Asker: 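Please see the structure below; I have some questions.
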Amino acid sequence: MTIRWGSYKVTNLYDELLRASGKPRAAAEIICGYLRSLTDDDLEEFKVAAESAIHVMGISFRVYHEDEGSIDRAWPFDIIPRIIDKEEWQKIESGLKQRVKALNMFIDDLYNDQNIVKDGVFPADLLKKSKNFLPQCKGVHPPLGIWAHICGSDLVRDNDGTVYVLEDNLRVPSGVSYMLENRKVMKRVFPEMFEQYSILPVDDYPSQLYDMLCELSPRDIEQPEIVLLTPGIYNSAYFEHAYLAQQMGAEVVEGRDMFVDDDDIVYMRTIEGPARVDVIYRRVDDHFIDPEAFNPDSLLGVPGLMRAWKAGNVALANAPGSGVADDKVVYAFVPEIIKYYLNEEPTLPNVPTYKCINKEEREYVIENIQDMVVKPANESGGAGMLIGPHASKAECEKFKRLIRRDPRNYVAQPMLMLSTAPTLIENKAEPRHLDLRPFVLSGKDIQVTTGGLTRVALRKGSIVVNSSQGGGSKDTWIVDMEA
């Protein structure tokens, strides 16, 4: 037998499947018992089956290297699922809905009355220096008052079992297609597990996304024209763009495929002539969507798109300017934002965060930088980050200088002892750190995926889960133990 849970070491960490004693958590008993019964040959057969399914289904992601350009790679996947009890998940789901509702109210306020600034809850200087606040969006009231229609909030669990929100992704969050494909792979590899467990489904996400986008249509028609705007086939997330469009029955378009006419209406070029576009699910960054309003050199956007949006003739999801809340310094204020707009205590806590714009907090970070994770305000994918406990003295000194030079651009957090889950490493189950990205859709109602994309750091001891930096993923099972 390959997997012996008694020798699986869980030391001073929270493991998602096993207790410190090596015994499975209640929701993981069936899968742990099943995995324990497998031989080396069985495990190898299942791993090969998963890899084959990934190849046949064409699940890939794109990475960039300076010397090699872009490379498509097969999606790295681990066959041991991450399991969460439905009862716990319902609390997480409630916290995510609360958070996204408040953030949308915050964005709408910033582009209109700015009451939160006037009332001194959110610093005016912080807003003034925000790279993602777009003056072009002032005075706009998007449909339903919603700016961030699709949000991906990253969750982590500390060693005491507390689930924290690590960050919010409100510009163009990615990864949901891999959540959906992970489930398809697991159903091929372990079909019997879906008979023994009551696992909540995720495959209704494309229809939920489509219905939400339809709700935004400026025209009251049965089938609005919905398109997905992509930067093109060389974008790292193009697999997801094509996948979601295909699942929704929507067109994948590039900027050159559309134009805005004198009537401030967006049209798509088709072989039958121009066709009006009602809703654009954009996967192009704000500054490239309209060369008239933003970067004049952009070839990715549509000239006049902002005019059409402001005129109410087309809906954009996510709305331009929603990235103002996708800022790690703004993140530090989310508990206050929730209290201000909803008059509620946050259900899901933030990771304790030090704001370097505050002198006392800044000095504390600089003095203790070797114990901190320092993050720039607007980078993603782990770029520009310092992990103090793993950094050299020279790297720490460099970040001290960066913080002093531009304190607005940095926040710092204590390094959490991220939870682990058993992961197959050469046919042996070893603990690896992970996070979770659920996806939240905001339309007339707020809907949260049942689970999300679990990303796992495949390198021993690493907390970097991004696929471009050696990370992989797992299927996430929300299990109803009472069913």
Side-chain angles (χ1 to χ4, degrees), residues 84 88-112 116 121-122 132-133 137 140-156 163-176 179 202 204-205 208-213 215-216 244 281-283 286 315-351 353 380 435-453 476 478:
I84 303 174
E88 181 186 20
W89 180 253
Q90 287 174 332
K91 297 174 184 176
I92 295 172
E93 179 183 70
S94 174
L96 289 170
K97 289 181 177 181
Q98 178 197 55
R99 192 175 183 93
V100 170
K101 182 179 180 180
L103 284 170
N104 269 306
M105 294 173 74
F106 170 69
I107 300 168
D108 196 55
D109 186 17
L110 289 188
Y111 286 114
N112 290 281
I116 195 169
V121 177
F122 188 77
N132 291 317
F133 180 79
C137 297
V140 175
H141 295 280
L144 306 175
I146 296 168
W147 294 74
H149 308 89
I150 304 105
C151 174
S153 291
D154 292 341
L155 308 179
V156 293
V163 173
Y164 293 96
V165 179
L166 185 64
E167 63 181 54
D168 303 292
N169 299 281
L170 299 121
R171 281 176 281 187
V172 281
S174 62
V176 73
M179 175 195 79
V202 295
D204 53 353
Y205 178 85
Q208 292 175 344
L209 175 62
Y210 178 80
D211 290 344
M212 182 274 290
L213 294 173
E215 293 172 359
L216 308 179
L244 289 176
Y281 177 19
R282 67 174 184 96
R283 299 297 295 260
D286 286 348
L316 297 176
N318 284 345
S322 55
V324 69
D326 193 1
D327 177 314
K328 293 176 180 63
V329 183
V330 172
Y331 159 91
F333 287 88
V334 171
E336 287 81 6
I337 288 170
I338 291 172
K339 293 173 189 175
Y340 180 80
Y341 292 107
L342 303 180
N343 195 27
E344 297 172 358
E345 290 295 320
T347 303
L348 285 175
N350 270 16
V351 176
T353 304
S380 59
D435 75 355
L436 177 64
R437 177 175 292 180
F439 296 87
V440 187
L441 296 177
S442 297
K444 291 179 179 176
D445 299 307
I446 301 177
Q447 300 177 85
V448 182
T449 52
T450 46
L453 177 63
T476 310
I478 307 302

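This structure is a prediction, so every number in the text was calculated from the model and none was measured.
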Asker: Do the non-hydrogen side-chain atoms of Phe439 and Leu453 ever get within less than 4.5 Å of each other?
Answerer: yes
Asker: Below 4.5 Å, heavy atoms only, C-beta onward: do Pro438 and Leu155 meet side chain to side chain?
Answerer: yes
Asker: If every non-hydrogen atom of Ile150 is compared with every non-hydrogen atom of Tyr205, which pair is closest and at what distance?
Answerer: CG2-OH, 3.8 Å
Asker: Give the C-alpha distance, both sets of side-chain angles, the deciding distance and a yes or no for side chain to side chain contact (heavy atoms under 4.5 Å, CB included) between Asp327 and Phe133.
Answerer: CA-CA 10 Å; Asp327 177 314; Phe133 180 79; over 6 Å; no
Asker: Restricting to non-hydrogen atoms, name the atom on Gly152 and the atom on Asn169 that form the minimum distance, rounded to 0.1 Å.
Answerer: O-ND2, 2.8 Å
Asker: Is there a side-chain contact between Asp108 and Pro142 in this structure, where contact means two heavy atoms from C-beta onward sitting under 4.5 Å apart?
Answerer: yes
Asker: Taking atom CD1 of Ile92 and atom OG of Ser153, what is their separation to the nearest 0.5 Å?
Answerer: 12.0 Å
Asker: Does the side chain of Val334 reach to within under 4.5 Å of the side chain of Val165, using non-hydrogen atoms?
Answerer: no
Asker: Between OG of Ser322 and CG of Leu316, what distance do you get to the nearest 0.5 Å?
Answerer: 10.0 Å
Asker: Aromatic ring centroids of Phe122 and Phe106 under 6.0 Å?
Answerer: yes
Asker: Has the side chain of Asp154 got a donor or acceptor atom that lies under 3.5 Å from a matching backbone atom of Asp168?
Answerer: no
Asker: Please report the shortest heavy-atom distance between Leu436 and Thr476, naming the atom on each side.
Answerer: CD1-OG1, 3.8 Å
Asker: Kindly compute the distance separating CG (Asn350) from OH (Tyr164), expressed to the nearest 0.5 Å.
Answerer: 10.0 Å
Asker: Measure across Pro320 and Asp286 and return the closest heavy-atom pair with its distance rounded to 0.1 Å.
Answerer: CA-OD1, 3.6 Å
Asker: Report yes if some heavy atom in the side chain of Val176 is under 4.5 Å from a heavy atom in the side chain of Met179; otherwise report no.
Answerer: yes
Asker: Kindly compute the distance separating CG (Leu96) from CD (Gln447), expressed to the nearest 0.5 Å.
Answerer: 13.5 Å
Asker: Whether the side chain of Gln98 engages the backbone of Thr347 through a donor-acceptor N/O pair (distance < 3.5 Å, no angle test) should be reported.
Answerer: yes
Asker: Work out which heavy atom in Val121 is nearest to a heavy atom in Glu336; give both atom names and the distance.
Answerer: CG1-CB, 4.1 Å
Asker: Does some side-chain heavy atom of Met105 sit less than 4.5 Å from a side-chain heavy atom of Leu342?
Answerer: yes
Asker: If you define the side chain from C-beta out and look only at heavy atoms, does anything of Trp147 sit under 4.5 Å from Tyr111?
Answerer: yes
Asker: For the CG atom on Asp204, are there more than 12 heavy atoms of other groups (residues, nucleotides or ligands in this structure) within a distance under 6.0 Å?
Answerer: yes
Asker: Can you establish whether the number of heavy atoms outside Lys101 located under 6.0 Å from its atom NZ is more than 12?
Answerer: no
Asker: Quick one: CD1 on Ile337 to CG on Leu110, what's the gap to the nearest 0.5 Å?
Answerer: 7.5 Å
Asker: Among Arg283, His149, Arg171, exactly one meets side-chain contact (heavy atoms from CB on, under 4.5 Å) together with Asn318. Which residue is that?
Answerer: His149
Asker: Measuring from Ile146:CD1 to Leu216:CG, what's the distance to the nearest 0.5 Å?
Answerer: 7.0 Å
Asker: For the residue pair Leu213 and Tyr281, what are the closest heavy atoms and their distance?
Answerer: CD1-CB, 4.1 Å
Asker: Does Arg437 reach the main-chain N or O of Ser174 with its side chain, forming a donor-acceptor pair under 3.5 Å?
Answerer: yes
Asker: Spell out, as yes or no, whether a donor-acceptor pair under 3.5 Å connects the side chain of Glu215 to the backbone of Gly443.
Answerer: no
Asker: Is any side-chain heavy atom of Pro335 closer than 4.5 Å to one of Glu345?
Answerer: no
